[in-house]
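Have a look at the structure below before the remarks.
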There are 2 protein chains.
Amino acid sequence: MSGVSNRAAQSQRALMGVRDLIVSGELRAGTRLSELILVERLGISRTPLRAALAQLGQEGLVEAIPSGGYAVRSFSREEVIDAIELRGTLEGLALRLAAERGVAPARMGELTRLLEGIDEALKGDVADMDFDGYVDLNAAFHEKLWGLASQTIRREIERVTSLPFASPSAFLDKQANVEAFRRSLYGAQTQHRAMVEAIALREGSRAEALAREHARLARQNLEFVLDQDRSLIRRVPALSLVVG
Amino acid sequence: MSGVSNRAAQSQRALMGVRDLIVSGELRAGTRLSELILVERLGISRTPLRAALAQLGQEGLVEAIPSGGYAVRSFSREEVIDAIELRGTLEGLALRLAAERGVAPARMGELTRLLEGIDEALKGDVADMDFDGYVDLNAAFHEKLWGLASQTIRREIERVTSLPFASPSAFLDKQANVEAFRRSLYGAQTQHRAMVEAIALREGSRAEALAREHARLARQNLEFVLDQDRSLIRRVPALSLVVG
DNA sequence: AAAATACCACCTGTATACAGAAATCAAGAG
DNA sequence: CTCTTGATTTCTGTATACAGGTGGTATTTT
């Protein structure tokens, strides 16, 4: 058996199952989530399903219907932008506090090592970079950054980034290997390096500003997809929930 | 019958009941929350109780035990400070965006009217101010401020402030009518006025900085309680969960 | 033909039964 | 006396039965 615990296995399955149905676009924004249908579709009972729906309600992916039950939430462009801004602000807070309070050398070393890995993935030009490698390393780097914050703050970051289009990997899905996105990675890595340097130098305000600006890359990519090439919507998780 | 809907009445009762047991200090930090005991105590069944526990887990007031179930969470001084810093940061984000994007005159009028009400409550000197009136108006003012933000951001603010000691009213509980706190209210109202002015003048950065500084009043009050007069711990909701 | 009403099917919220795992306690061995 | 081991008790996670309410549809009435 794998190392994963069996505790609350059905609940986890329900959570992942419903989330997948939503972000894959199979359930469109506004559609009511009938418990009985989902139960039959996922092969579980109502109890863990209801737990999953409540959790997704907390995450913001579904919203409660006044008369009972839940519906897939829809997001306006402004709300997506605010979610990205929110992530940048929270990451900025995490980095500012880390810079002001100091970080153990071992952790700085881990961050530096990830930076070197990303450099390696970006070696070569736009055509033959290791995009998939970047995706994984970028996710690991951001998670390591979040680990610099206290549990209280880390929890909020993780909740906000549970909205798929607000995550730092939102436009780095392996399905979205597009030149327009690949080109932005060099600038992103420059910001990565600057953020780590700012923390090392205890420059809290700079670290905060950099984190905010870094998140705005996601906003740029969002606006590119919505305004320049809407065919990419299908390639970015949950972007089908955005109206307008 | 009152206007309140009966929808999910038991769930609401469970949520409020358990939350009360925790913030009142009746359940100490670290104690396991036995479902059967709580069920008997609150006179409900396990289903709505479990929903309440899951919600409180999201709010951060209880934490999941790896082997199953939940326990009352304990907070270090640093975590409480971070929660306050987090609120200030989120309110700062809300105010910055409101200032940058503009606010309808009607809403600004409502804010101004609340400010005048607070002025009225503060009329007179420290001894005979209308403390209870201030408490209510201050809560209303902050909620009106949150209403300036989009749903995405407002949701996060509301979640963070569900931690009782992180709320703007944390040290303004009617139980905590103490001169040390009353004296801080004049400075707080000055900041209230400056925040509204900054929004009106579209000074986003100033509005953000003011919101952060305003939240630090709560931090000052926290440190006063913990370092100067620990007897006040009982008077501030949920402060009994803070260790150290 | 349009509107109102009554009926029916479905759905959610709640309670409870059941099974497997965890914790506790006791007894026995070293 | 301590540690280990085994059994019992208790707990959580899951499934399902039940009741009240909501929404939709069809029929009737104007």
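Since this is a predicted model, take the numbers as computed values, not measurements. When reading the values below, keep in mind they use all heavy atoms of this one structure, side chains included, and skip hydrogens, waters and symmetry mates. Below, chain A is the first sequence line, B the second, and so on; all start at residue 1.
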Review item, nucleotides 9-15 of chain C N/O atoms under 3.5 Å of protein N/O:
{"unit_1": "C/dT12", "atom_1": "OP1", "unit_2": "A/Leu33", "atom_2": "O", "d": "3.4"}
{"unit_1": "C/dT12", "atom_1": "OP2", "unit_2": "A/Glu35", "atom_2": "N", "d": "3.4"}
{"unit_1": "C/dG13", "atom_1": "OP2", "unit_2": "A/Arg50", "atom_2": "NH1", "d": "2.8"}
{"unit_1": "C/dG13", "atom_1": "OP2", "unit_2": "A/Arg50", "atom_2": "NH2", "d": "3.2"}
{"unit_1": "C/dG13", "atom_1": "N7", "unit_2": "A/Arg46", "atom_2": "NH2", "d": "2.8"}
{"unit_1": "C/dG13", "atom_1": "O6", "unit_2": "A/Arg46", "atom_2": "NH1", "d": "2.8"}
{"unit_1": "C/dT14", "atom_1": "OP1", "unit_2": "B/Ala9", "atom_2": "N", "d": "3.2"}
{"unit_1": "C/dT14", "atom_1": "OP1", "unit_2": "B/Gln10", "atom_2": "N", "d": "2.9"}
{"unit_1": "C/dT14", "atom_1": "OP2", "unit_2": "B/Ser11", "atom_2": "OG", "d": "2.6"}
{"unit_1": "C/dA15", "atom_1": "OP2", "unit_2": "B/Ser45", "atom_2": "N", "d": "3.1"}
{"unit_1": "C/dA15", "atom_1": "OP2", "unit_2": "B/Ser45", "atom_2": "OG", "d": "2.5"}
{"unit_1": "C/dA15", "atom_1": "O5'", "unit_2": "B/Ser45", "atom_2": "OG", "d": "3.3"}
{"unit_1": "C/dA15", "atom_1": "N7", "unit_2": "B/Thr47", "atom_2": "OG1", "d": "2.6"}

Sequence neighbours excluded, which residues qualify as side-chain contact (heavy atoms from CB on, under 4.5 Å) partners of A/Ser11?
A/Ala8, A/Pro48
Restricting to side chain to side chain donor-acceptor pair (under 3.5 Å), what partner residues turn up for B/Glu85, sequence neighbours left out?
A/Arg96, B/Arg216
Side chain to side chain donor-acceptor pair (under 3.5 Å) filter on A/Arg107, not counting sequence neighbours, yields none
Residues in side chain to side chain donor-acceptor pair (under 3.5 Å) contact with A/Arg155, at least two apart in sequence or another chain
none
Any residue meeting side chain to side chain donor-acceptor pair (under 3.5 Å) with A/Asp132, in chain and number order, not counting sequence neighbours:
none
